[in-house]
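A short write-up of the structure that comes next.
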Amino acid sequence: MIMQKKMIANHFERLSNTDKTGEKAVYTFVPGNLNELIWSFDLLPVHPEINALQSAMRKQSGDYVLEAEKIGHSEDVCTYVKSDIGMMRKGNIGPTGQRLPEPSLLLLSYTGCFTFMKWFELLKQEYKCPVVMLHVPYQADGRITPEMRFYVTKQLKDVVIPKLEEISGKKFDLDRLRTMLASSARSEDDLVHVWNAAKNKPSPIDAYFGGVYYIGPIFTAFRGKPECEEYYKTLRAEVDQRVKDGLGPITPDGKMHKEKYRLVVEGPPNWTSFREFWEMFYAEGAVCVSSTYTRVGGLYEQGFRHDPDHPLESLADYCLGCYTNRNLPSRVDIIAKDIIDFQADGFVVNSIKSCNSFSAGQLLMMKEIEKKTGRSGGFIESDLVDPRYFSAANIKNRLESYFQMLEAKS
Amino acid sequence: MDAYVGIDLGSTTTKAVFLDEHDRLMGFGITNSRSDYDVACQIAREEAEINSRFSILRRELKTHIPGEGHDLAVAWLYQKYRLAQHTRQLTALAATCRKAVDLLPVAEHRAPTHLLLEQILSEMEVEAVGLFKPGADARSDFFRDIAASTFLHLSEKKAGDDSKMLDRLIGTFDKSILQVESKSYANAFGEYIQFAADAVQRMPEFQVHQAAIQTAVKNTVAVVFKIINTIGTGYGRQRLPFPKEQIRSEILCHGLGAHFMFPNTRTVLDIGGQDTKAIQIDATGIVTNFQMNDRCAAGCGRYLGYIADEMNIGLHELGPLAMKSKKQVKINSTCTVFAGAELRERLALGEAREDMLAGLHRAIILRAMSLLARSGGVVSEFTFTGGVAKNQAATDALRKLIEENYGEMKINISPDSIFTGAIGAALFAKRDRKGDLIGVDLKALQKPVPSKVEGPVAKVQERA
Amino acid sequence: MSETREIVEQCKVLYEDLSLASVKEWKQRTGGRAIGFMPVYAPRELVHAAGMLPVGIMGGGENLEIIKGDAYFQSYICHIPRSTIELGVTGRLDCLDGMLFPAICDVIRNLSGMWQMLFKDKLVRYLDLPQEFTKEIGGTFYKQELQGLVHELEKLGGKKVTPEALRHSIKLFNENRRAIERLYNARAETPENLPTYELYLVMRASNVLPVEEHTALVEKYLAAAARQKRNKLDNARVVVTGAFCEQPPIALIRALEASGCYVVDDDWVLGARYLLGDVAMGEDPLQDLANAYLGDCVETASRYETRLEKGAFLIERVKRYRAEGVVFCAPSFCDPALLERPMLVEALNRANVPHTSFNYAENTSQYHVFKEQTGTFADSIKLWGTA
């Protein structure tokens, strides 16, 4: 945790000093991001979703969303976008209170979410800066075809890399990229090890609420960097030790008393009341042993690793493989498999108003998962960063009812 | 006597149920929920206890008074009992009102206000006697409602054109009733029932039963309830003064309660004021799946309330009006706000009011159908509970849609369903006491529904 | 009955036929298969060349009561998927042998997965339209997508799709697009003679009619409309935009016109007008179709805009059709349309084009507010030339 905080602080410090250092920022999205590639040109990545969720955890997103609605954005649409636009309108002060640099490039890695395209089109209007589109096809039949891989790789080679060269003024350095990819793969091994530790009883980690911290470095600006590797090595050792000691996850209130229910969670968390939301789980003895949200950046559990021997192809597979880029039957399979593999008592769907990519079809997914596993699902609704859309009493009521149902059924 | 208590703290009413060692329902209590949940909960429980005692009293009398005579006796005893309780509350109200008048800010207002207040109070006392007799049509059984309507009516009469005086009187009442309401006046069963017994046995038709009444009352008063366990449920359950282990979600209680009332139930739909629940239960009443309405209030009872306001008619008039509809119209806006606009627009375009209302009822039921589908469909037997279950236009629409979508099946609609959650809670209280949540034989719990319980108990249900 | 009225009535029957009786009839008559497709753009030429009938599915509109569909979607998701599911699970789409889901938004994309789970015995294909528009990259990928679809259709129909057949289909659809362009131009010229709801119904007929029949229908309507002179009103000429997927109810379209607007361009049934020019008819028809998609197309929210300024296309349309204002008419909860709107608004402001906006759902049944709003908008344009 402390390591992660330091990493983030350093990064934002560096971002706030670009006017002095002359370093350039590339805005890009989290899912399937090209972090190693960006860094290999010494460009600094900025992830607008992360800024939005950080703003929410700092209780600023509500104002930002209103600001965006004031200038004509609909109440109906994604609040990540609105929070970002609102933040920009209010001076682009980032989560650490420091000003964020304007983008020198918007790298529109368009994977798993249609709204990304509109988002950067909007930012393009604001910043009048260049945009590079990386269109990542959807795994509509649950697999990556050679055509898809070729398409993405070709875009990397012929569109993205030349653009990055142009913006950075540097030649593409394949060896440097390879070194970083090798480092990424080592972090990925450690992370998968950490996820699998949740198969223990009690689970040493909470793979949803705790999980969002564990994915921090690897899904954002640090994958492929030494400090990221160091982080996952330490995390892995810590988790192994917890398993040895028979300890459960750590919560904001300290140790968890007793693991009563093991759950798989589908959907992103709510950020405006993150802690309160988490408490509704741990106070009842519910541990999330696996979650789909922690695969939103990339999915490593099925064996994917960044590969220094096939650098561009593995970047393409990473983009193509993230969770929301998979069709609904695949998502059903992933959840159903986790319920079995992690010996979960049930699963909870947190349906997010902002995120159609996750939410559209979830109700049918639930039925399918129930059919496949024989476990009943719990269903709650909230939003990412819109505090107006988090009804604590409502959610708590449902969760409690759900947990008690699990208890009565068992 | 051992008792298990279930309490359902709802958003508008708080319900309590007493269950005995043999899983028989002994008594029910209901009161309006108020800001002080502890009091609401206490009063409901006391009401349920009184109600339970009347069950016992009734059994006692039955052995002494042959034929139908005991029915009437119990009915009279109950009314006189209520009168005694009411009188006690009136006395408390009088004292509080007097104090409030003493504190009126303008000194010269006090004397004239006192004068009128005393007249009002004494007339209220007289009026009360007429209120409590078997078959009397009381609009409400809650002291607050009865007192408020009489007080208001008398104040208007006394104050005449003096609107300032009227304001003062009503202000006094409003302040005082809150204090009276926040105390319980039910803890003197012995005293009230003795008053009732004395009054009843003086009546010509009961003089011959004087001894029987006295014995029965004595025996009833002597019963000591030993509350073995209490379980709370309902939307306000978090605020019940219970430890966590004694709280169950309303979903679980509702499922078990419905199972108790109709043992073959597999699917339960509850449409209440604030939310709608679709629940699937297994053969033992355990919930296997459930869904609740999403964030918006569309499809809950409140939607109908909103529509009633919009059309400026009473909530209870909606159903009967809708029943007169001759043609089916489709209402598309299940959003409460838009539904109002759609309603206005279409009425203005000449659509018939009753057709629109029928359409609105269907719209609510369609929302419920979605929840049912999400929770796993509808499996026979199907039980429909909650306030909206009393609305025939809604039940008709539901029957039709269930049949069209899931085929013919047995549909249970219980008028007593307001106690479903509390009954479930009481059953949980008993189960948990046994310490074996798993594998409890619920066949043993299957007893007829309270509508068959006689006398005051039935009366309690009527007011629900 | 007037000539136009007769044609429009015929289209209305097709529009209201949610069980696709005309498609069933076509299948019976020809022994062919039918393939449904969702908005916005699908290469119908391929379906046609495979001897099948492409059938546009645009939700259930205002006439469908949603009984089952709501169980599948949360309240914050737009209306078209729930009515489409309703149509599907109630068996109304049984006559379709397959469904195509072109890339447009996350909801329709996920609907393709739902279809995979619900209708396992049907051809279900998500059509990934490239957002990279060079021939070498996006073109190569798209051509492979098209090839994949052709392959699926061939498997389904049990016969090869020949280049000749494809060229023939391209020719028919080119003719259809040209007829539609004439239709739109005629309306812009004399909007009083081609009321928008009539034109809309004629357009909607393209969803179910075989393309040759539809082209003939358009021509027939054009001729009839030209003969039937109607009074010209002092209405404001507007372009309507935002309704490229979930369609507004007919009554809303009528209300818009009745409030004092002549619609001179719109993006309803946009797939039929998505390609702006003719598709070439060369040696490699798949390449020609791919090139057409990469090249001259409408600008719409689901298609990435490579130019720096958004809204150039809209403003160009305003100018071409001499529109006096723009009406944004978008479905509630439609992410693409609603996120696009502020950018277009800015572009219109820069160009001094008056505009107004509202949201609807396909089954909206209250029009009063819209009518007031667009009426005021039209009046202000007429009075002051601005809104």
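In what follows, every chain begins at residue 1, and chains take the letters A, B, ... in the order their sequences are listed. Reckoned from all heavy atoms, side chains included, excluding hydrogens, waters and symmetry mates.
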Portion of C/V107 that has a non-hydrogen atom of chain A nearer than 4.5 angstrom:
both
Which portion of C/L129 sits near chain A, non-hydrogen atoms under 4.5 angstrom
backbone
Any idea how C/F141 and A/H135 line up, ring-wise: parallel (<30°), tilted (30 to 60°), or perpendicular (>60°)?
perpendicular
CZ of A/F150: more than 12 outside heavy atoms within 6.0 angstrom?
no
CZ of C/R350: more than 12 outside heavy atoms within 6.0 angstrom?
yes
So, for A/L364 and C/Y72, which heavy atoms are closest and what is the spacing to 0.1 Å?
CD1-CE2, 3.8 Å
If you count heavy-atom pairs under 4.5 Å with chain A, which of C/R125, C/E340, C/R341 comes out on top?
C/E340
Heavy-atom pair of closest approach, residues C/Q116 and A/D141:
NE2-OD1, 3.4 Å
Contact origin within C/I77 toward chain A - heavy atom pairs under 4.5 Å:
side chain
Checking heavy atoms, do the side chain of A/I352, its backbone, both or neither come under 4.5 Å from chain C?
backbone
Pick one of side chain, backbone, both or neither for C/A103, based on which atoms fall under 4.5 Å of a heavy atom in chain A.
both
Please flag which part of A/F120 lies under 4.5 Å from any non-hydrogen atom of chain C: side chain, backbone, both or neither.
neither
Assess the side chains of C/Y76 and A/S351: does a donor N or O sit below 3.5 Å from an acceptor N or O?
yes
Please rank A/E147, A/M117, A/K154, A/M365 by heavy-atom pairs under 4.5 Å with chain C and give me the top one.
A/M117
So do A/K118 and C/Y304 actually touch side chain to side chain, heavy atoms under 4.5 Å?
no
Counting only non-hydrogen atoms closer than 4.5 Å, does C/T134 touch chain A with its backbone (N, CA, C, O), its side chain (CB onward), both, or neither?
neither
Side chain, backbone, both or neither: which part of C/D335 has a non-hydrogen atom closer than 4.5 Å to chain A?
both
Heavy-atom distance under 4.5 Å between the side chains of C/N110 and A/Y138, does that happen here?
yes
Quick check on the interface: out of A/S359, A/C78, A/G361, who has the most heavy-atom pairs with chain C under 4.5 Å?
A/S359
Among C/E346, C/M343, C/Q144, C/E136, the residue with the most heavy-atom pairs under 4.5 Å to chain A is C/M343
Of all heavy-atom pairs between C/R109 and A/S357, which one has the smallest distance, and what is that distance?
NH2-OG, 2.9 Å
Do you know which two heavy atoms are closest between C/K310 and A/Q125, and how far apart they sit?
CG-NE2, 3.4 Å
Please round to the nearest 0.5 Å and tell me the distance separating atom OG of C/S75 and atom NZ of A/K353.
9.0 Å
Closer than 3.5 angstrom, by distance alone: can the side chain of A/E121 be matched with the main-chain N or O of C/E305 as a donor-acceptor pair?
yes
Is there a side-chain contact between A/L328 and C/W115 (heavy atoms, below 4.5 Å)?
no
For C/P130, which atoms come within 4.5 Å of any heavy atom of chain A: side chain, backbone, both, or neither?
both
Below 4.5 Å from any heavy atom of chain C, which atoms of A/C113 appear? Answer side chain, backbone, both or neither.
both
What verdict does the side chain to side chain contact (heavy atoms under 4.5 Å, CB included) test give for C/F73 and A/Q362, after you've listed the backbone C-alpha separation in whole Å, the side-chain angles of each residue and the deciding distance to 0.1 Å?
CA-CA 8 Å; C/F73 293 100; A/Q362 269 173 337; over 6 Å; no
Is it the side chain or the backbone of C/T306 that comes within 4.5 Å of chain A heavy atoms, both, or neither?
backbone
Below 4.5 Å from any heavy atom of chain C, which atoms of A/E368 appear? Answer side chain, backbone, both or neither.
side chain
Identify which part of A/L134 has an atom lying under 4.5 Å from any heavy atom of chain C, answering side chain, backbone, both or neither.
neither
Does atom NZ of A/K90 have more than 12 heavy-atom neighbours, drawn from other residues, nucleotides or ligands, at distances under 6.0 Å?
yes
To the nearest 0.5 Å, atom CG of A/D76 lies from atom CG of C/L338 at 5.5 Å
Could you check whether any side-chain heavy atom of A/K128 comes within less than 4.5 Å of a side-chain heavy atom of C/E309, counting everything from C-beta outward?
yes
Please flag which part of C/I104 lies under 4.5 Å from any non-hydrogen atom of chain A: side chain, backbone, both or neither.
backbone
Under 4.5 Å, counting heavy-atom pairs only, tell me which of C/A301, C/P336, C/S357 racks up the most with chain A.
C/A301
Might you point out which heavy atoms bring C/C105 and A/F114 nearest each other, and give the distance in Å?
C-CD1, 3.3 Å
Counting only heavy atoms closer than 4.5 Å, note whether C/R82 contacts chain A via side chain, backbone, both or neither.
neither
Region of C/E145 in contact with chain A, defined by heavy-atom distances below 4.5 Å
neither
So A/H73 and C/L339, do their side chains get closer than 4.5 Å, heavy atoms only?
yes
Could you report the tightest heavy-atom contact between A/P329 and C/M117, atom names first, then the distance?
CG-CG, 3.9 Å
Contact class of A/N327 relative to chain C, heavy atoms under 4.5 angstrom:
side chain
